[in-house]
Novice: 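First the structure, which I've put down as structure tokens, then a few questions once you've had a look.
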Amino acid sequence: MRGPFILFAFVIVFFSKWVGAQELRKLPPQLEPWRSWVLEGEDQKLCAKLPGEAAPECMWPSSLSLVVEDKRATFLLDVQADAKDWLALPGDAKRWPVSVRDNERGIVVVLHEGVPSIYLERGRHRIAGSLVWDALPESLPVPSEIGLVSLRVRQKTIEFPNRDESGTVWFQKEGDEVEGDRLEFTVHRKVTDEIPAQLETRISINVAGKNREVLLGKVLPDDFVPLVLQSPIPARLEPDGHLRLQARAGTWTITVHARSRGPIAALSRPDPAGTWREGEEVWTFAAKPELRVVSVEGAPSIDPAQTSLPNEWRSLPAYAMGKETKMVLTERQRGDANPGPDVLRISREIWLDFNGSGATFRDTLSGELHSSWRLEMGPNVDLGRVRVGGNDVYITRDGKASLPGVEVRQGSLQLTGEGRLPSIAKGTVPAVGWNHDFEGANVSLRLPPGWDLFHARGIDKVE
């Protein structure tokens, strides 16, 4: 029965890949009934993926409340699940969570990846449970994904719970007392004049005092879409653009990568509508003269060496961006007026047919494209498949010469092409085959059983 609805599946999956979970909420009414059908088993692809993690992160646990007594402990945890997934609970095989309830309903606890866990549906959950023991233990394993823990032991509130790097909470000793609650941070941004424009925002936060959840202001201007959030502490971007952190004492750097929704002629700081750095931000601008030449106006220029910019940004021009400052990008020239020549290399493998009348080839092209935006095969070649940067691309034909080829918009090229040489005249096999110049070529010819190479003619060497 699903066959007639493949078109609906394609449309929804396409949008989920390119505009993300937030845009999926804006599906047309005609497609809305098909959401759960199309996304069945695929909803984890819409969760955030953390740096260095192979699997996406679908669970957002808030502060864990632990009340510990001599014979038992109780815990309470609020969780936002962006997809069906496992949630690790406090405890281990010896101190097993019991009487666990999800929104006041009982739920089964099982051993998953070596820790007590429950399987949650998408949505908001309030998880409550207990742990029992014969005598008060020294510590309790707590999942490291839970950034905030409030602890009460024997009716005494522990202001600074002691946790090690694995997340374990120690009951018998309290963490070192620190100074009062304090939150200071600086904001640096790098604008890269790509198509679309790229904006990298680095927020350096210095936290003192208790572990707590902090809601900062809006991170990005309205005409930018977030792509990647990198943070050493639990963090998430809310739908309205605010940044939520589970902060603990220390200095942390949170990085947000974003792209523009369309062409950018001017840039300004977002209205944070919440907690944000007072004073100016330091912005840098990375020009791309091969795409266009622009002049930066409106923002006062400053010396990068006199700022706290990251070292890798100090070679770029820097600007002081106040709340009312506008960085105007005035376009002087479109594209590179004097592009250099293309620098291409090819590695070709050729398999001769058993009857010797044709051959199959696989080409690997690499290098830099400075003046060409299309790569074409020569005549009498059947180009069957092309992958650029690991992704399949369409093969098209030029309207004049009708030669098969592909459109390439990346300056750095990594291309793999496969196809057929349907006829080989007088045993001549083309070493390149593409309608372009190459600075280097490596060709391998593979012969079928019963064949042998009698003569190979080339510029440099004859055997």
Side-chain angles (χ1 to χ4, degrees), residues 22 47-48 50-51 53 57-66 75-82 87 124-127 142-152 157-163 165 167 169 174-189 199-222 224 226-258 269-282 308 323:
Q22 298 302 322
C47 299
L50 302 179
E53 297 290 338
E57 185 61 47
C58 298
M59 291 294 170
W60 178 257
S62 65
S63 176
L64 172 67
S65 175
L66 271 175
F75 63 86
L76 184 64
L77 177 65
D78 289 320
V79 180
Q80 169 66 40
D82 293 332
L87 173 70
R124 291 188 176 274
H125 304 265
R126 169 157 284 196
I127 310 301
V142 172
S144 58
E145 294 82 5
I146 301 175
L148 304 179
V149 176
S150 62
L151 179 63
R152 187 175 177 84
T157 300
I158 307 299
E159 297 291 344
F160 305 100
N162 191 302
R163 297 184 71 186
E165 294 182 357
V169 177
E174 191 171 350
D176 296 334
E177 184 173 348
V178 295
E179 57 187 296
D181 292 348
R182 177 172 51 84
L183 180 67
E184 298 175 349
F185 55 97
T186 58
V187 181
H188 299 137
R189 303 184 195 258
L199 178 65
E200 181 177 343
T201 302
R202 292 191 183 183
I203 308 168
S204 298
I205 300 181
N206 185 275
V207 183
K210 301 176 183 178
N211 295 354
R212 58 197 184 274
E213 187 168 281
V214 178
L215 182 63
L216 302 182
K218 294 182 180 179
V219 177
L220 301 174
D222 292 337
F224 277 82
L227 299 177
V228 178
L229 170 63
Q230 297 174 307
S231 174
I233 57 178
R236 70 180 292 168
L237 281 174
E238 298 293 341
D240 59 2
H242 287 75
L243 179 63
R244 187 179 297 275
L245 304 172
Q246 291 184 356
R248 59 182 184 269
T251 301
W252 318 101
T253 299
I254 294 93
T255 304
V256 181
H257 296 267
R269 286 175 52 177
D271 180 7
T275 304
W276 202 250
R277 169 183 167 81
E278 296 293 333
E280 297 174 335
E281 296 179 1
V282 179
S308 56
K323 292 182 178 180

Novice: Applying salt bridge (charged side-chain N to carboxylate O under 4.0 Å, His left out), name anything that partners R152, two or more places apart in sequence or on another chain.
Specialist: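 For R152, no residue satisfies salt bridge (charged side-chain N to carboxylate O under 4.0 Å, His left out) once neighbours in sequence are set aside.
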
Novice: Does a side-chain heavy-atom distance below 4.5 Å link L66 with L76?
Specialist: no

Novice: Looking at side-chain heavy atoms only, is the closest gap between I254 and L229 below 4.5 Å?
Specialist: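 Of all side-chain heavy-atom pairs linking L229 with I254, at least one is under 4.5 Å.
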
Novice: Under a 4.5 Å cut-off applied to non-hydrogen side-chain atoms, are W60 and R244 in contact?
Specialist: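 SC-SC contact between W60 and R244 confirmed.
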
Novice: Going from CZ on R277 to OG1 on T186, what distance comes out if it is rounded to the nearest 0.5 angstrom?
Specialist: 6.0 Å

Novice: Going by an N to O cut-off under 4.0 Å, is there a salt bridge joining K323 and E278?
Specialist: yes

Novice: At what distance, to the nearest 0.5 angstrom, does CG of L237 lie from CG of L243?
Specialist: 5.5 Å

Novice: With rounding to the nearest 0.5 Å, note down the distance linking CG in L216 to CD in E238.
Specialist: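 It is 11.0 Å, given to the nearest 0.5 Å.
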
Novice: Test side chain to side chain contact (heavy atoms under 4.5 Å, CB included) on T255 and T201; report intermediate values, then the result.
Specialist: CA-CA 6 Å; T255 304; T201 302; over 6 Å; no

Novice: Could you work out, with side-chain contact (heavy atoms from CB on, under 4.5 Å) as the rule, every residue matching D222, not counting sequence neighbours?
Specialist: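 Scan of D222 (side-chain contact (heavy atoms from CB on, under 4.5 Å), adjacent residues dropped) gives none.
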
Novice: Tell me, do L87 and V79 make a side-chain contact under 4.5 Å, heavy atoms counted?
Specialist: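 Touching, per the 4.5 Å side-chain cut-off.
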
Novice: Tell me the closest heavy-atom pair linking P270 and V219, and the distance in Å.
Specialist: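 Result for this residue pair: CG-O, 3.6 Å.
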
Novice: Ignoring hydrogens, what is the shortest heavy-atom contact between A258 and P226? Give both atom names and the distance.
Specialist: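 For A258 versus P226, the nearest heavy atoms are CB-CA, 4.0 Å.
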
Novice: Any chance you could lay out the side chain to side chain contact (heavy atoms under 4.5 Å, CB included) test for L64 and F75, step after step, and finish with the verdict?
Specialist: CA-CA 7 Å; L64 172 67; F75 63 86; 3.9 Å; yes

Novice: Does the side chain of H257 reach to within under 4.5 Å of the side chain of F224, using non-hydrogen atoms?
Specialist: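 With C-beta onward as the side chain, the pair stays apart.
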
Novice: Would you name the heavy atoms of V149 and P161 that are closest together and state the gap between them?
Specialist: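 Answer, listing the atom of V149 first, then P161: O-CG, 3.5 Å.
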
Novice: Once rounded to the nearest 0.5 Å, what's the spacing between atom CD of Q246 and atom CZ of R212?
Specialist: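 The CD atom of Q246 sits 13.0 Å away from the CZ atom of R212.
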
Novice: Say you draw a straight line from OG1 of T253 to CZ of R202; how long is it, rounded to the nearest 0.5 Å?
Specialist: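 Atom-to-atom, T253:OG1 and R202:CZ are 8.0 Å apart.
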
Novice: Is the shortest heavy-atom distance from the side chain of L245 to the side chain of W252 under 4.5 Å?
Specialist: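 No, too far: nothing below the 4.5 Å cut-off.
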
Novice: To the nearest 0.5 Å, tell me how far L77 CG sits from S65 OG.
Specialist: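 Result: 9.5 Å between the selected atoms.
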
Novice: Given 3.5 Å as the limit, does a donor-acceptor pair link the side chain of H242 with the main chain of T275, or not?
Specialist: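 Judged by distance alone, no pair lies under 3.5 Å.
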
Novice: Assess whether a salt bridge exists between R189 and E200, defined as any Lys/Arg side-chain N lying under 4.0 Å from an Asp/Glu carboxylate O.
Specialist: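 No, R189 and E200 are not salt-bridged.
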
Novice: For a 4.5 angstrom cut-off between non-hydrogen side-chain atoms, does N162 reach V169?
Specialist: no

Novice: Report yes if the side chains of L148 and E213 come closer than 4.5 Å at any heavy-atom pair, otherwise no.
Specialist: yes

Novice: Return the set of residues passing ring pair (Phe, Tyr, Trp, His ring centres under 6.0 Å) with W276 (not counting sequence neighbours), or none when no residue passes.
Specialist: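 For W276, the residues satisfying ring pair (Phe, Tyr, Trp, His ring centres under 6.0 Å) (neighbours in sequence not counted) are F185.
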
Novice: State, to 0.1 Å, how close H188 and S308 come at their nearest heavy-atom pair, and which atoms those are.
Specialist: CE1-O, 3.0 Å

